[in-house]
Asks: 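Have a look at this one.
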Amino acid sequence: MIANALRAAIVDGSLAPGTPLRQDAIARHFSVSAIPVREALRQLESEGWVKAEINKGATVAPLSAQEAREIYEIRAALESLAIGLAIPAHTPASLRNAAALCKAASAEKDPSLYVARNQAFHLSLYVPAGERSYSR
């Protein structure tokens, strides 16, 4: 959850390249100990999102314009596919839920809460794709 929230904040620009990622502040924000934060930062470092330096801590890794463009192109393609698969499986109830999540995200003023609410909204759009039944 922590890695996903930080990744989303990096991707949407809420956490800019070079931004320090303070373990204690992240732990307080998510109401967790330092251990899951360290694990999340290690995971993000292995994915290239975070740069960790001994005695300096972790920062958001810099991205070249080309890397950022590629990330957005891949994300757009995957999101389009997920939405296409999910549309036939949506129900009136799932669409009402998505609308409520969208409204909550749009009204959010706290950037870190906005990221979490925006992610919840997008996931609500994709979830039905995984709930489709396949007949052979």
Side-chain angles (χ1 to χ4, degrees):
M1 174 184 83
I2 296 167
N4 288 339
L6 291 173
R7 186 183 306 102
I10 292 168
V11 168
D12 76 12
S14 298
L15 291 173
T19 301
L21 299 170
R22 306 281 182 237
Q23 287 186 28
D24 57 339
I26 295 169
R28 275 194 310 277
H29 176 78
F30 288 99
S31 300
V32 297
S33 70
I35 294 169
V37 174
R38 275 194 298 270
E39 289 301 315
L41 292 175
R42 276 191 214 125
Q43 178 182 343
L44 293 171
E45 182 180 21
S46 74
E47 296 172 6
W49 295 108
V50 169
K51 179 180 168 189
E53 295 184 53
I54 297 172
N55 298 324
K56 291 189 178 183
T59 58
V60 176
L63 289 177
S64 70
Q66 179 62 29
E67 289 169 322
R69 189 177 308 105
E70 288 173 4
I71 289 167
Y72 281 101
E73 288 173 358
I74 291 167
R75 184 175 176 184
L78 291 173
E79 288 180 355
S80 296
L81 175 62
I83 288 291
L85 294 171
I87 286 172
H90 268 289
T91 65
S94 68
L95 293 173
R96 280 192 301 276
N97 179 56
L101 291 168
C102 181
K103 185 176 180 180
S106 298
E108 186 56 61
K109 302 295 183 221
D110 181 332
S112 59
L113 290 177
Y114 169 79
V115 168
R117 290 180 187 215
N118 186 52
Q119 183 179 26
F121 163 65
H122 282 89
L123 288 175
S124 75
L125 296 176
Y126 312 141
V127 164
E131 297 174 353
R132 297 175 313 139
S133 61
Y134 295 94
S135 58
R136 292 184 181 212

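Residue numbers run from 1 in the order of the sequence given.
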Asks: Which distance, rounded to the nearest 0.5 Å, do you find between the OG of S33 and the CZ of R38?
Replies: 7.5 Å
Asks: Below 4.0 angstrom, N of the basic side chain to O of the carboxylate: do E39 and R42 qualify?
Replies: yes
Asks: Does some side-chain heavy atom of I26 sit less than 4.5 Å from a side-chain heavy atom of L21?
Replies: yes
Asks: Hey, are the side chains of L41 and Q23 touching, using non-hydrogen atoms and a 4.5 Å cut-off?
Replies: yes
Asks: Do E73 and R69 sit within salt-bridge range, that is, some charged N less than 4.0 Å from a carboxylate O?
Replies: no
Asks: Taking all atoms of both residues into account, what is the closest heavy-atom pair of P36 and I2, and its distance?
Replies: CB-CD1, 3.9 Å
Asks: Could you pull out the closest heavy-atom pair between G48 and A61, with the gap in Å?
Replies: O-CB, 3.4 Å
Asks: For A129 and A82, which heavy atoms make the closest approach, and how far apart are they?
Replies: CB-O, 3.7 Å
Asks: Which atom pair, heavy atoms only, marks the closest approach of R7 to N4?
Replies: NH1-OD1, 2.7 Å
Asks: Do L101 and L123 touch side chain to side chain, with heavy atoms closer than 4.5 Å?
Replies: no
Asks: CZ of R96 to NE2 of H90: how many Å apart, nearest 0.5 Å?
Replies: 13.0 Å
Asks: For A89 versus P128, what's the shortest heavy-atom pair and its separation?
Replies: CB-O, 3.4 Å
Asks: Consider only side-chain heavy atoms of I, L, V, M, F, W and Y, link residues closer than 4.5 Å, and tell whether L125 and Y114 are in one cluster.
Replies: no
Asks: Measuring only between side-chain heavy atoms, which start at C-beta, is I83 closer than 4.5 Å to Y126?
Replies: yes
Asks: With a 4.5 Å limit on heavy-atom distance, are the side chains of T91 and L95 in contact?
Replies: no
Asks: If Ile, Leu, Val, Met, Phe, Trp and Tyr residues are connected whenever their side-chain heavy atoms lie under 4.5 Å apart, and connections chain through other members, are M1 and F121 in the same group?
Replies: no
Asks: Drop me the distance from E45's CD to K51's NZ, to the nearest 0.5 angstrom.
Replies: 10.5 Å
Asks: Going from OG1 on T19 to CG on L6, what distance comes out if it is rounded to the nearest 0.5 angstrom?
Replies: 11.0 Å
Asks: Calculate, to the nearest 0.5 Å, the distance between atoms SG and CZ belonging to C102 and R117 respectively.
Replies: 12.5 Å
Asks: How far does CD of E53 sit from OG1 of T59, to the nearest 0.5 angstrom?
Replies: 6.5 Å
